[in-house]
Asker: 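The structure is given below, and queries will be raised subsequently.
Counting begins at 1 with the first residue of the sequence.
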Amino acid sequence: MTPEQQKKFKYWQWRTIIGTMVGYIFFYLIRKNFSFAMPGLTAEYGITKASLGGILSLAGFLYGLSKLLNGMLADRINGRWHMVTGLAVSTLTAFIIGFGAEIITYFTGVPEGSTPEFVGKFTILLSVLWIVNNIFQGCGFPPCSRLLPRWVPASELSTKMSIWNTSHSIGAGLAGVLCGVLIMGMMGTNMSNNPEMVATIAKNLGKDITDAAVISAAQNVGAWKWSFIIPGIIAAVGVFITCAILRDTPKSVGLPELSEGNEKKSEESEESPAEISAYIREHVWKNPVIWALAVADFFVYVIRFAVLDWGPTFLREHCGMTAEWAAMTVIIFEVFGVIGMLLAGWISDKVFGGRAARTCLFCMLGTLVAVLGFIGLQKAGASPVLLLFVLALAGAFIYGPQALIGVISSNHATRKASASALGIIGFVSYVSVLVSGWGFGVIADSKYGWNGVFVAMVVMAIIGALIFVPMWKMKRDAYSEEE
């Protein structure tokens, strides 16, 4: 490239990184809001936890499947419009859910309330819309996994994709503050002086009318609706912002495409669908590196979800953590996660020359040490706050591989098939919820208790580390036959 082209390329590279980060944050905002709205749905309408859990489980599975299918699609279509379309549909479904109760009343004539007829119809509408939301949520990450390798050379991908991965933590944090604190805690209608409403909420929650949870819910009646409407409005603005910022490839803005090693340039001619499929089949489906990374990511996600989901529960129920510190756990975990991702990316590029698998090995060993330290400190009676920070340290280590596995797969599937590779890995990683959620819950309730859960995490960390050992001498990428 000429100096002028290099300057322009650098501008568009960072514009793409920032644009995909911002777009993915909007996706998170209208996916993580559901959990914060659930207490209001149960309190006001009596929708059971089993029903809400069923919606989350089915939607979560379809989200993982959607990531797989959209990964295959992303390597074949324009990444900008792929991402924008998914965000637009997800935004629309979230916005409609906010008016779901009014929609049921308008079209069926059934008055809003906790009657079986209304709850049944509303639950169906809620289920359908949230499933559609999660299916189109699958259009969030795959386009990013297509766009980033096309704008970032392999030698810089670890650092810059780790920066991009902070969008997960930023999105989760914003959703928590907006929906969990500001909306569910401060909005809605205060009906705590309405005996009928208080009695209905008490019945739906199975608690006494004087219970603090009943009074709190009665003070914020209808707040759950705003947990969908406000994020929906923000995400609608995000659709236009994402569309305005992003472009698909360097070629689309008059720049030469990245080309490394023996990778063939494709500026002059477009490949046929059959040629693309053959390339993906060879570099993804028949690539043992991709499948090894998928298995490794399964164990990474098991530990990640175990730390995030079960860690705070253990600290609250068994270590006497205060409510104030319990509220801080998510924020602390995400801050440590961001630090872990950024350091892992920098070390991969600057210390190991882009060989991110080496960093992943050390991260898995760090996770193992942190979990073992947590077990030892817990048995020694350490304070809940110290245990929290040790567990957060485990989270910081596990966020490294969570970000870098995508880098390794992109470099070894090459930019022409990176989204397909990450689609497979993303689907396998979400199967992990069966272990980290249901499986660890069963262990915790069994005779092995929490000790069994922590031992299982140790085993997972060991297996995950062992998968990366054979990758130590693996070359950085598959763009050339030579190092």
Side-chain angles (χ1 to χ4, degrees), residues 24 27-38 41-42 47-74 82-83 85-87 89-94 96-97 100 122-145 168 171-172 175 228 284-285 290-291 293-310 402 405-406 409 419-444 456 460:
Y24 202 66
F27 270 101
Y28 247 71
L29 200 59
I30 49 175
R31 177 151 60 92
K32 295 299 182 181
N33 58 336
F34 190 93
S35 297
F36 296 104
M38 288 197 301
L41 293 168
T42 299
I47 301 177
T48 65
K49 291 182 177 63
S51 296
L52 293 171
I55 294 172
L56 286 176
S57 297
L58 180 57
F61 173 78
L62 292 174
Y63 170 66
L65 182 60
S66 179
K67 286 182 71 174
L68 171 63
L69 298 177
N70 276 288
M72 301 299 167
L73 183 64
H82 190 181
M83 189 173 192
T85 300
L87 182 58
V89 177
S90 294
T91 297
L92 181 61
T93 58
I96 294 174
I97 289 174
F122 179 62
T123 302
I124 292 173
L125 178 65
L126 181 65
S127 303
V128 171
L129 289 172
W130 195 246
I131 285 170
V132 172
N133 178 291
N134 274 255
I135 289 173
F136 280 89
Q137 284 278 339
C139 299
F141 181 66
C144 298
S145 66
H168 294 77
F228 291 100
V284 177
W285 292 103
I290 301 304
W291 290 106
L293 291 171
V295 175
D297 209 35
F298 172 86
F299 292 109
V300 166
Y301 266 72
V302 168
I303 300 172
R304 178 190 170 200
F305 285 135
V307 169
L308 293 175
D309 296 341
W310 291 113
Q402 190 267 329
I405 284 175
S409 66
S420 297
L422 282 166
I424 292 174
I425 293 171
F427 175 71
V428 173
S429 67
Y430 267 82
V431 176
S432 66
V433 298
L434 296 176
V435 177
S436 63
W438 176 78
F440 281 2
V442 170
I443 294 174
M460 298 291 179

Asker: Could you tell me how the ring of Trp285 sits relative to the ring of Trp291: parallel (under 30°), tilted (30 to 60°) or perpendicular (over 60°)?
Answerer: tilted

Asker: Which heavy atom of Ala175 sits nearest a heavy atom of Lys32, and at what distance?
Answerer: CB-CB, 3.8 Å

Asker: Counting distance only, does the side-chain N/O of Thr42 pair as donor-acceptor with the main-chain N or O of Thr48 below 3.5 Å?
Answerer: no

Asker: For Thr91 and Leu87, indicate whether the former's side chain and the latter's backbone hold a donor-acceptor pair under 3.5 Å.
Answerer: yes

Asker: Which heavy-atom pair separates Gly138 from Ser66 by the least distance, and what is that distance?
Answerer: CA-OG, 3.3 Å

Asker: Let me confirm one number: the CG-SG distance from Leu73 to Cys139, rounded to the nearest 0.5 Å.
Answerer: 7.5 Å

Asker: What is the distance from atom CG of Leu92 to atom CZ of Phe136, rounded to the nearest 0.5 Å?
Answerer: 10.0 Å

Asker: Is any side-chain heavy atom of Leu62 closer than 4.5 Å to one of Leu58?
Answerer: yes

Asker: Could you give the distance from CD1 (Ile30) to CH2 (Trp130), rounded to the nearest 0.5 Å?
Answerer: 7.5 Å

Asker: Of the non-hydrogen atoms in Met460 and Val302, which two are nearest, and what is the gap between them?
Answerer: CG-CG1, 4.1 Å

Asker: For Tyr63, give me all partners under ring pair (Phe, Tyr, Trp, His ring centres under 6.0 Å), at least two apart in sequence or on another chain.
Answerer: Tyr430

Asker: Please find the pair of heavy atoms, one from Phe141 and one from Tyr24, that lie closest to each other, and give the distance.
Answerer: N-CE1, 3.5 Å

Asker: Among Val132, Ile131, Asn133, Leu125, find the one that has a side chain to side chain contact (heavy atoms under 4.5 Å, CB included) with Leu129.
Answerer: Leu125

Asker: Is the side chain of Gln137 donor-acceptor paired with the backbone N or O of Phe27 at a distance under 3.5 Å, no angle test?
Answerer: yes

Asker: Got a second to check how far Asp297's CG is from Ile425's CD1, nearest 0.5 Å?
Answerer: 6.5 Å

Asker: To the nearest 0.5 Å, tell me how far Leu41 CG sits from Phe34 CZ.
Answerer: 6.5 Å

Asker: Is a donor on one side and an acceptor on the other found under 3.5 Å between the side chain of Thr93 and the backbone of Ser90?
Answerer: yes

Asker: Looking at every non-hydrogen atom in both residues, tell me the closest pair between Met83 and Cys144 and how far apart they are.
Answerer: CE-SG, 3.5 Å

Asker: Identify the heavy atoms of Ala37 and Phe228 that sit nearest to each other, and give their distance.
Answerer: CB-CE1, 3.6 Å

